[in-house]
There are 2 protein chains.
Amino acid sequence: MQTTASSRSQIPTLRAVAELAGVSTSTASRVITGSPQVTEDSVARVTAAIAELGYVPNRAARSLVRRQPQTIAMMIPERTAEFFADPYFAEVIQGAAAYASSTDYSLTLLIESESDPEKTHQVLSRGNVGGALILSHHSASEAYFTLSRSLPVVFGVRPPGGEDADIHVVDVDNVAAAALAAGHLVERGAVRVATITAPLDTSAGRERLQGWRDTLESAGLAPGGWEEGDYTPAGGAAAMRRLLERADTFDAVFVASAQMASGALGVLQSRGVRVPEDVAIATLDNNYFSTSTTPPLTTVDLHTEEKGAMMVQALVRLIEGATVDTEVFVPITLVERESTAL
Amino acid sequence: MQTTASSRSQIPTLRAVAELAGVSTSTASRVITGSPQVTEDSVARVTAAIAELGYVPNRAARSLVRRQPQTIAMMIPERTAEFFADPYFAEVIQGAAAYASSTDYSLTLLIESESDPEKTHQVLSRGNVGGALILSHHSASEAYFTLSRSLPVVFGVRPPGGEDADIHVVDVDNVAAAALAAGHLVERGAVRVATITAPLDTSAGRERLQGWRDTLESAGLAPGGWEEGDYTPAGGAAAMRRLLERADTFDAVFVASAQMASGALGVLQSRGVRVPEDVAIATLDNNYFSTSTTPPLTTVDLHTEEKGAMMVQALVRLIEGATVDTEVFVPITLVERESTAL
DNA sequence: CTGAAAGCGCTTACAG
DNA sequence: CTGAAAGCGCTTACAG
């Protein structure tokens, strides 16, 4: 109590800035909000006063008067397993938080209640957040369709059923990413390219499968075998075992995520299959799972951190009334490593 | 703009609640804040009105008048690698966010600028957060010592140099956790227990080594060999390779984190060492890395998610002026799995 | 126990 | 371009 009180009294207000600068709070406020209707002289004096006092606007007061909380909610899935296993969320969050810190908005974490989507809706629609970022793949995201009519919302994945809906999505082009990885395998000389897919009940899973298929087709190659994984190393390993049991052999495999690829690589090596000599591997995600294996894996960097930043950027624009494309693609880049070396 | 405006007009205010309940806003406010000086009848009527309107207090207004932002900052390390590789942060964050949602506080993510701690200090001390949670191990956390004099702060790890400082720490008892795991190995009959440590420039690393040492000593066993790891599977694997090169053999190993244990296990198996028959393994962290290996690993659950919740709980108490222990221990539990089966 | 009133720290028409 | 004034939605002494 005492600590708090004493610290509070130190914090400079707009009034203090205005007094020091010798202007009214109105003028000081105009300078701070970047209003054009102020003289250069006012700007200089207020700016100096702000610097001298280390003034930072009170968010609560600003939010109250603007009727617009300077807060963005990042909805994170309640189902912990999904959230934990994957560095994906951490990267998106990191990127989003970093970008948010460069804006006037703060990023707050909200658990989405999957058992009770109505509750989540409540929390978001009651005026305490300026907009929301939706990350989950599977969840009952239809609830967010309605929400996005009354609150700015940006999705990190196109939600199931959201093909026609008037929603905003910031995501990687999964077809293109898969095609980039598979294409690299083909260019390198592979002629029998198998794949381990991401879960096919997600759009990302289906699109990555599609990208692989398209690539082989346009290269005039017959599609190789494919098995479904679940985004985990163990799932990738299991899929690789099934792939090896099949009649059709392969000289390369496109694995739809680095976590799965690390598991699949282990199986290959335990069977004495040499990578890249016998089987080349290309995957997606430039993270720990593609850099720390032996050999390290050729992959497509999905720029997940940048994705987080782009989501916040799109949302802030939406909140501030600017026009935002309904679909924004996050850049992708091929990173060549030993797993496809010649 | 239009969307936003229309949605705003829907949001019920305290005044609307008061009118519906037939009381003044003062009384309505008292009911909401749980003041004792209201009649049962008032409580009933206001409560009903709140439910009917779906009223949620405006955080900005409340923060403004209370001079206390209803916001808790979770400081996350700028150094991305550390943050990404480990499910630890994600678990703590999840637990913290979930607990925060049951309070009046919202959890906001702030990147701590390690290159410029002064900047982080600025952000926190300028009155826009009610308190802060500090997670990082290494960082220049001394800056937070000063901060904790003017702002409620809870550390997730005792910062270097923070032995005597008057700070609040919520953490697992690392010595006890290591002793629990190592003790299980001993009870099971191991007589030559080696260890792979966490980085020894962290207090957690040193304490876990200590717990292993204490256990062997009190069991009357000579300390086995030890090698330092870096919290990653690759680091655990490297440490295990070094351990195997040493003269002293071992029939069990305590690995100070599950990520390292998964790497170490791989090395053992690739050398034809059977787990648990030839070497038993016990580790810390009950996460993906201890459950998904073959065999699954006996471990000490550090209740990381609960830790996040406890950190928020302690911080909220601090903010609200209650007394909080300077040191709070997160519970630990042994989880027996195949890696130590007899 | 209750209500009228003041005020938290800002922003923004409004008048000049 | 500038300042005085009103007001954002709450909470809390103050008086009754």
Side-chain angles (χ1 to χ4, degrees), chain A residues 1 4-5 7-46 49-50 53 55-71 104 126-130 320, chain B residues 1 4-5 7-46 49-50 53 55-71 104 126-130 320:
Chain A
M1 190 61 234
T4 310
S7 79
R8 301 273 347 161
S9 58
Q10 312 282 85
I11 299 175
T13 64
L14 219 213
R15 168 171 302 187
V17 170
E19 276 171 11
L20 183 59
V23 298
S24 69
T25 56
S26 313
T27 298
S29 177
R30 287 192 188 97
V31 170
I32 289 165
T33 55
S35 161
Q37 40 180 351
V38 273
T39 51
E40 251 180 60
D41 182 53
S42 295
V43 173
R45 300 168 67 180
V46 172
I50 288 173
L53 298 175
Y55 170 76
V56 171
N58 179 303
R59 302 178 75 87
R62 177 176 278 184
S63 294
L64 183 59
V65 64
R66 288 193 181 166
R67 274 109 142 254
Q68 176 70 262
Q70 307 292 104
T71 296
D104 283 340
R126 264 20 191 164
N128 286 319
V129 308
E320 296 183 344
Chain B
M1 189 62 236
T4 311
S7 79
R8 302 269 351 157
S9 57
Q10 313 281 85
I11 299 175
T13 64
L14 219 214
R15 168 171 301 187
V17 170
E19 276 171 9
L20 183 57
V23 298
S24 69
T25 55
S26 314
T27 297
S29 177
R30 288 192 188 97
V31 170
I32 289 166
T33 56
S35 160
Q37 41 180 349
V38 273
T39 51
E40 252 181 59
D41 184 52
S42 294
V43 173
R45 298 169 67 180
V46 172
I50 287 172
L53 297 174
Y55 171 77
V56 171
N58 180 304
R59 301 178 75 87
R62 175 176 280 184
S63 295
L64 183 59
V65 66
R66 288 192 181 166
R67 276 111 140 248
Q68 175 70 262
Q70 309 292 104
T71 296
D104 282 341
R126 265 18 192 166
N128 286 318
V129 309
E320 297 181 345

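Every heavy atom of this structure was used, including side-chain atoms; hydrogens, water molecules and symmetry mates were not. Chain naming here is simple, since letters A, B, ... match the order of the sequence lines and numbering starts at 1 in each. Keep in mind that what you see is a predicted model, and the values were worked out from it rather than measured.
- Spacing between C:dC1 and C:dA5 at atom P, rounded to whole Å, works out to 23 Å.
- Atom CZ of B:R15 and atom C1' of D:dC8 are 11 Å apart (whole Å).
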- Query: Could you walk me through whether B:T71 and B:N128 pass the side chain to side chain contact (heavy atoms under 4.5 Å, CB included) check?
  - Reply: CA-CA 8 Å; B:T71 296; B:N128 286 318; over 6 Å; no

- Task: Go through A:T13 and A:E19 one step at a time and tell me if the side chain to side chain contact (heavy atoms under 4.5 Å, CB included) criterion holds.
- Result: CA-CA 10 Å; A:T13 64; A:E19 276 171 11; over 6 Å; no

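- Within the 4.0 angstrom heavy-atom criterion, no nucleotide atom of any strand lies near A:S63.
- For B:L14 and D:dG7, the CG to C1' distance is 16 Å, given to the nearest whole Å.
- One can place CD of B:Q68 at 22 Å from P of C:dG7, the figure rounded to the nearest angstrom.
- The same atom, C1', is picked in C:dG16 and in C:dT12; the two are 16 Å apart, to the nearest Å.
- For A:N58, counting side-chain heavy atoms from C-beta on, the closest listed nucleotide (C:dG9, D:dC10, D:dT2) is C:dG9.
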- Query: Between A:I50 and A:R45, does a side chain to side chain contact (heavy atoms under 4.5 Å, CB included) hold up when you go through it step by step?
  - Reply: CA-CA 9 Å; A:I50 288 173; A:R45 300 168 67 180; over 6 Å; no

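- For A:I32 and C:dG9, the CD1 to P distance is 14 Å, given to the nearest whole Å.
- The residues A:R59 and A:D104 are annotated as not salt-bridged, no charged nitrogen and carboxylate oxygen being separated by less than 4.0 angstrom.
- Taking side-chain N and O atoms only, A:Y55 has no distance below 4.0 Å to OP1 or OP2 of C:dG9.
- Looking at the side chain of A:T33, the nearest of the listed nucleotides D:dC10, D:dT2, C:dT11 is C:dT11.
- A residue-by-residue look at A:Q37 and A:T25 shows that A:Q37 has its nearest nucleotide of DNA chain D further toward the 5' end.
- For the 3.5 Å distance criterion, the side chains of B:S29 and B:S26 fail to qualify, holding no donor opposite an acceptor.
- Toward the 5' end of DNA chain C, the nearer of the two residues B:S42 and B:L64, judged by each one's closest nucleotide, is B:S42.
- For the OP1/OP2 pair of C:dT11 and a distance below 4.0 Å, the side-chain nitrogens and oxygens of A:R62 include at least one atom meeting the criterion.
- Atom CG of A:L53 is separated from atom P of C:dG9 by 15 Å (rounded to the nearest Å).
- Nucleotide D:dG9 holds its C1' atom 14 Å from the CD atom of B:Q70, rounded to whole Å.
- Closest approach of A:S63 to A:P69, counting heavy atoms only: OG-CA, 3.6 Å.
- Nucleic acid contact class of A:T13 (heavy atoms, under 4.0 Å, all strands): sugar-phosphate only.
- Considering only side-chain atoms of B:T27, the nucleotide from C:dG3, D:dG9, C:dC10 that sits closest is C:dG3.
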Considering only nitrogen or oxygen atoms on both sides, find all protein atoms under 3.5 Å from nucleotides 13-16 of chain D and state each distance.
from	atom 1	to	atom 2	distance (Å)
D:dA13	N6	B:R30	NH2	2.8

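- If you check D:dG3 for Watson-Crick or wobble pairing at under 3.5 angstrom, you find it paired to C:dC14.
- Among A:V43, A:V23, A:T25, A:V38, the single residue meeting the side chain to side chain contact (heavy atoms under 4.5 Å, CB included) criterion with A:R30 is A:V38.
- Between B:N128 atom CG and C:dC8 atom P there is a gap of 17 Å when expressed in whole angstrom units.
- Across A:Y55 and A:L14, no two heavy atoms sit closer than the pair CE1-N, 3.5 Å.
- Spacing between atom CZ of A:R67 and atom C1' of D:dG9 amounts to 10 Å, rounded to whole angstrom units.
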